[in-house]
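Written out below as structure tokens is the structure these notes cover.
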Amino acid sequence: MLLQTVRPNIVQAIRAYRVEDLMQAAQGAGQHFLYASLADAETKQDVLEQIAQSFLFPAHFGKNLDALYDCMTDLVHKSGSQPGFVVVLDQLPDHARFDREAREQLLDVFRDAADFWGERKIPFRCFYSFR
């Protein structure tokens, strides 16, 4: 199975993996599959809004990095037992309006979420690509 070849609780470039294969692997393992296409996002705000919409965050989502972390961890943790997560952030912007620092801050939130779930022995794998 594909997920057995990827260590749990990691954030990494999608590289040779295909989104469809990751989705099928998550479904086969009974894990949540969260996908956000960010092809139209230009700014940090755009990225956060598209993630919130794609992941079905509550209407009160604050559209900032702290709120993103809360939604990826505490909110989900309080909803009950979790089987694991496969997250795909597809086509993150790579330009001056969403520069390297902004991308790293965003990915750090997902790294922190991976640590959060890892402490609870729940697999959390996040894959990303740039456009």
Side-chain angles (χ1 to χ4, degrees):
M1 183 166 80
L2 175 70
L3 294 182
Q4 292 174 340
T5 64
V6 180
R7 77 176 179 88
N9 309 97
I10 189 169
V11 176
Q12 70 176 43
I14 202 163
R15 295 188 191 113
Y17 301 109
R18 294 180 333 136
V19 172
E20 185 176 306
D21 294 340
L22 292 169
M23 180 180 68
Q24 290 175 352
Q27 290 172 344
Q31 296 182 7
H32 298 292
F33 179 75
L34 302 171
Y35 174 82
S37 173
L38 303 166
D40 296 330
E42 294 295 324
T43 65
K44 178 179 167 183
Q45 197 64 29
D46 293 343
V47 169
L48 290 170
E49 288 175 10
Q50 288 187 11
I51 289 171
Q53 184 178 23
S54 297
F55 294 0
L56 304 176
F57 286 169
H60 68 270
F61 173 65
K63 296 185 182 113
N64 61 58
L65 296 176
D66 289 336
L68 175 61
Y69 176 79
D70 289 344
C71 284
M72 294 302 300
T73 58
D74 195 47
L75 185 69
V76 179
H77 181 61
K78 287 179 178 174
S79 70
S81 177
Q82 299 299 324
F85 304 86
V86 175
V87 178
V88 176
L89 305 172
D90 197 17
Q91 300 186 39
L92 281 166
D94 185 14
H95 53 68
R97 292 183 67 199
F98 192 76
D99 62 9
R100 181 179 179 167
E101 182 178 345
R103 287 190 310 274
E104 283 305 311
Q105 289 173 347
L106 177 76
L107 293 174
D108 280 346
V109 170
F110 287 92
R111 290 179 186 109
D112 291 345
D115 291 344
F116 174 92
W117 292 111
E119 290 170 4
R120 288 152 182 80
K121 308 287 189 243
I122 296 169
F124 181 98
R125 295 170 178 94
C126 179
F127 301 87
Y128 61 88
S129 67
F130 298 122
R131 64 176 129 113

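Please read these numbers as outputs of a predicted model, since none were measured by experiment.
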Problem - Least distance between heavy atoms, Gln91 atom then Ala39 atom - result: OE1-CB, 3.3 Å

Exercise for the section: Could you note down all residue pairs passing salt bridge (charged side-chain N to carboxylate O under 4.0 Å, His left out) where residues 29-45 supplies at least one of them, sequence neighbours left out? Expected result: Glu42-Arg131

Handout entry: With Asp112 via salt bridge (Lys or Arg N to Asp or Glu O under 4.0 Å) - residues at least two apart
Key = none

Exercise for the section: Sequence neighbours left out, what passes salt bridge (Lys or Arg N to Asp or Glu O under 4.0 Å) with Glu20? Give chain and number order. Expected result: none

Problem - Euclidean distance, Cys71 SG relative to Asp66 CG, rounded to 0.5 Å - result: 11.0 Å

Fill in the blank from the handout: Separation between OG1 (Thr5) and CG (Leu3), nearest 0.5 Å, reads 7.5 Å

Exercise for the section: Output every pair passing salt bridge (charged side-chain N to carboxylate O under 4.0 Å, His left out) with a member in residues 87-102, not counting sequence neighbours, ordered by first then second residue. Expected result: Asp94-Arg103

Practice task
Would you please name every residue forming a ring-ring contact (aromatic ring centres under 6.0 Å, His included) with Phe98, sequence neighbours left out?
Solution key: none

Problem - Partners passing ring-ring contact (aromatic ring centres under 6.0 Å, His included) against Phe130 (at least two apart in sequence or in another chain) - result: Tyr128

Exercise for the section: Tell me, please, which residues at least two apart from Gln45 pass side-chain contact (heavy atoms from CB on, under 4.5 Å). Expected result: Thr43, Glu49, Lys63

Handout entry: Between OG1 on residue Thr73 and CD on residue Glu119, distance to nearest 0.5 Å
Key = 10.5 Å

Handout entry: Any donor-acceptor N/O pair, Asn9 side chain to Asp115 backbone, under 3.5 Å
Key = no

Exercise for the section: Report the residues that fulfil side-chain contact (heavy atoms from CB on, under 4.5 Å) with Ala36, sequence neighbours left out, ordered by chain and then residue number. Expected result: Leu38, Ile51, Ser54, Phe55, Leu89

Exercise for the section: Could you state whether Val88 and Leu34 fall into the same hydrophobic cluster, counting links through intermediate Ile, Leu, Val, Met, Phe, Trp or Tyr residues with side-chain heavy atoms under 4.5 angstrom apart? Expected result: no

Exercise for the section: List the steps, then state whether side chain to side chain contact (heavy atoms under 4.5 Å, CB included) holds for Met72 with Phe57. Expected result: CA-CA 9 Å; Met72 294 302 300; Phe57 286 169; 3.7 Å; yes

Practice task
To the nearest 0.5 angstrom, please state how far the CG atom of Asp108 sits from the CG atom of Leu65.
Solution key: 9.0 Å

Problem - pair Gln12-Tyr17: side-chain heavy atoms closer than 4.5 Å - result: yes

Exercise for the section: Give a yes or no on whether Met23 and Phe127 share a hydrophobic cluster (residues Ile, Leu, Val, Met, Phe, Trp, Tyr; joining criterion: side-chain heavy atoms under 4.5 Å apart). Expected result: yes

Practice task
Could you walk me through whether Leu22 and Arg125 pass side chain to side chain contact (heavy atoms under 4.5 Å, CB included), step by step?
Solution key: CA-CA 10 Å; Leu22 292 169; Arg125 295 170 178 94; over 6 Å; no

Fill in the blank from the handout: Output for pair (Arg111 CZ, Phe124 CZ), nearest 0.5 Å, gives 11.5 Å

Handout entry: Heavy-atom side-chain contact between Val11 and Val87 under 4.5 Å
Key = no

Exercise for the section: Group every Ile, Leu, Val, Met, Phe, Trp and Tyr by side-chain heavy-atom contacts under 4.5 Å, then state whether Ile10 and Val19 land in the same group. Expected result: yes

Practice task
Give the minimum heavy-atom separation between Gln31 and Pro123, together with the two atoms involved.
Solution key: NE2-CG, 3.5 Å

Exercise for the section: Kindly write out the residues that satisfy side-chain contact (heavy atoms from CB on, under 4.5 Å) with Asp74, not counting sequence neighbours, or none if the list is empty. Expected result: Lys78

Exercise for the section: Quick one: which residue pairs count as a salt bridge (charged side-chain N to carboxylate O under 4.0 Å, His left out) with a foot in residues 50-61, not counting sequence neighbours? Expected result: none

Exercise for the section: Would you please test Asp70 and Phe61 for side chain to side chain contact (heavy atoms under 4.5 Å, CB included) and show each step? Expected result: CA-CA 9 Å; Asp70 289 344; Phe61 173 65; over 6 Å; no

Handout entry: Any residue meeting ring-ring contact (aromatic ring centres under 6.0 Å, His included) with Tyr69, in chain and number order, not counting sequence neighbours
Key = none

Practice task
Check side-chain contact (heavy atoms from CB on, under 4.5 Å) between Gln82 and all other residues, then give those that pass, not counting sequence neighbours.
Solution key: His32, Val76, Ser79, Phe85, Trp117, Ile122

Handout entry: Over all atoms of both residues, closest heavy-atom pair of Leu48 and Asn64
Key = CD1-CA, 3.7 Å

